[in-house]
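Please read the structure below before turning to the comments.
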Amino acid sequence: MTLQPHSVSGVEMRKRQAAHIEAPPQAPGQPRPNTCCLCWCGCCKCLWNEDRIERSERQTCTKMDSIEAAEEQHPSLEEVLSWARSFELMLRSLEGREIFREFLRSEYSEDNLLFWLACEELKKETSPSVVDEKARIIYEDYVSILSPKEVSLDSRVREGINQSLAEPSNRMYEDAQLQIYTLMHRDSFPRFLNSTVYRDLLASRRRTCLDT
């Protein structure tokens, strides 16, 4: 399936998603709208939807946008310590991603994580029409030279993506995703572990353990 110029644009799709998510409760007897199919936790308030609404509508902070919100999840001391040992473990933890995202925002590199998460969700899709739309949105938000939130990709990877646009697949961003993952792991993650964001949370969890 190719990306046709006359198909639904990324902006239109995001508006539909926002309207769908924020719609009022349905009256009894009326069918319930479909929930999000791109969700780590199986609920409709997933990272994908929150990130799409935030980027398209420029809304104020979501639940993920502060350390206070992350601390409400109460990650254990053992879990917080495990993030320092494994970047992968941190990314697979909801609280870990929230706190790492807060740190990346302070360095103006939050879009690296959002891009990586969007690619992860795209890989779960099997419907050609959904893959086509999701692939377009990712391209418009992060890869296109016209995107205000362009992620740093080398020319080889970018050219591969441009060639894949003629026939999108759910794994078309694998090389780009790996490049951004490596950048975050080698560059941002060490600074995160030495930041006040991580150290304050670690100290808080230790105090909690001492108080119990």
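Treat the numbers as computed from the prediction; the structure is a model and nothing was measured.
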query = Can you check salt bridge (charged side-chain N to carboxylate O under 4.0 Å, His left out) on E78 and R205, steps first, answer last?
reply = CA-CA 9 Å; E78 292 74 15; R205 296 285 75 82; over 6 Å; no

request  = List the steps and the verdict of side chain to side chain contact (heavy atoms under 4.5 Å, CB included) for E95 and E79.
outcome  = CA-CA 9 Å; E95 295 85 357; E79 184 176 6; 3.7 Å; yes

request  = Report yes or no: does S204 contribute a side-chain atom to a donor-acceptor pair with the main-chain N or O of D200 at less than 3.5 Å?
outcome  = no

key: Salt-bridge contact E133-R136 (side-chain N to carboxylate O under 4.0 Å)   = no

request  = Output yes when a side-chain donor or acceptor of Y173 lies under 3.5 Å from a complementary backbone atom of Y139, and no otherwise.
outcome  = yes

key: Expected output: side-chain E125 to main-chain K134 donor-acceptor under 3.5 Å   = no

request  = Taking the six-membered ring for Trp and the full ring for Phe, Tyr or His, determine whether the centres of Y181 and F115 are under 6.0 Å apart.
outcome  = no

task = Evaluate the criterion side chain to side chain contact (heavy atoms under 4.5 Å, CB included) for residue pair I180 and Y142; output intermediate values, then yes/no.
result = CA-CA 11 Å; I180 296 302; Y142 302 106; over 6 Å; no

message = List the residues meeting side chain to side chain donor-acceptor pair (under 3.5 Å) with E174, not counting sequence neighbours, and say none if there are none.
response = R171

ask   = What distance separates E102 CD from L113 CG, expressed to the nearest 0.5 Å?
value = 12.0 Å

message = Tell me whether E120 is salt-bridged to K124, with the criterion being a basic N under 4.0 Å from an acidic carboxylate O.
response = no

ask   = Are any non-hydrogen side-chain atoms of R92 and E88 less than 4.5 angstrom apart?
value = yes

request  = Group every Ile, Leu, Val, Met, Phe, Trp and Tyr by side-chain heavy-atom contacts under 4.5 Å, then state whether L81 and M90 land in the same group.
outcome  = yes

ask   = Does F103 offer a backbone N or O that forms a donor-acceptor pair with the side chain of S106 under 3.5 Å?
value = yes

key: Side-chain (D111) to main-chain (L114) donor-acceptor, under 3.5 angstrom   = no

ask   = Any ion pair linking E159 and R156 (charged N to carboxylate O, less than 4.0 Å)?
value = no

message = Restricting to ring-ring contact (aromatic ring centres under 6.0 Å, His included), what partner residues turn up for Y198, sequence neighbours left out?
response = F192

task = Report yes if some heavy atom in the side chain of L146 is under 4.5 Å from a heavy atom in the side chain of E140; otherwise report no.
result = no

message = Under a 3.5 Å distance rule, please check whether S147 uses its side chain to pair with a backbone N or O of V143 as donor and acceptor.
response = no

key: Rounded distance (nearest 0.5 Å) linking atom CE of M172 with atom CG of L122   = 8.0 Å

Side chain to side chain, F100 and V197, heavy atoms closer than 4.5 Å = no

query = Less than 4.5 Å apart, any side-chain heavy atom of I161 and any of L153?
reply = yes

task = Could you grab the distance from atom CG of N170 to atom SG of C119, nearest 0.5 Å is fine?
result = 11.0 Å

request  = Kindly give the heavy-atom pair with the smallest separation between Q179 and D154, and that separation in Å.
outcome  = NE2-OD2, 2.7 Å

query = Roughly how far apart are I99 CD1 and L202 CG, rounded to 0.5 Å?
reply = 10.5 Å

For the student: nearest non-hydrogen atoms of P168 and D132, plus distance = CG-OD1, 3.9 Å

ask   = Do E107 and R191 have side-chain heavy atoms sitting under 4.5 Å apart?
value = yes

ask   = Does the side chain of R206 come within less than 4.5 Å of L210's, by heavy atoms?
value = no

request  = For S86 and L89, indicate whether the former's side chain and the latter's backbone hold a donor-acceptor pair under 3.5 Å.
outcome  = yes

note = CZ (R101) and CG (L117) are apart, to the nearest 0.5 Å, by 8.5 Å

query = Can you check whether L77 reaches T208 side chain to side chain, under 4.5 Å on heavy atoms?
reply = no

message = Assess the residue pair S188 and L104 against the criterion (side chain to side chain contact (heavy atoms under 4.5 Å, CB included)); give the C-alpha distance rounded to whole Å, side-chain angles, the decisive distance to 0.1 Å, and a yes or no.
response = CA-CA 8 Å; S188 302; L104 292 178; 3.7 Å; yes

key: Backbone of W116 reached by a side-chain donor or acceptor of Q177 within 3.5 Å   = yes

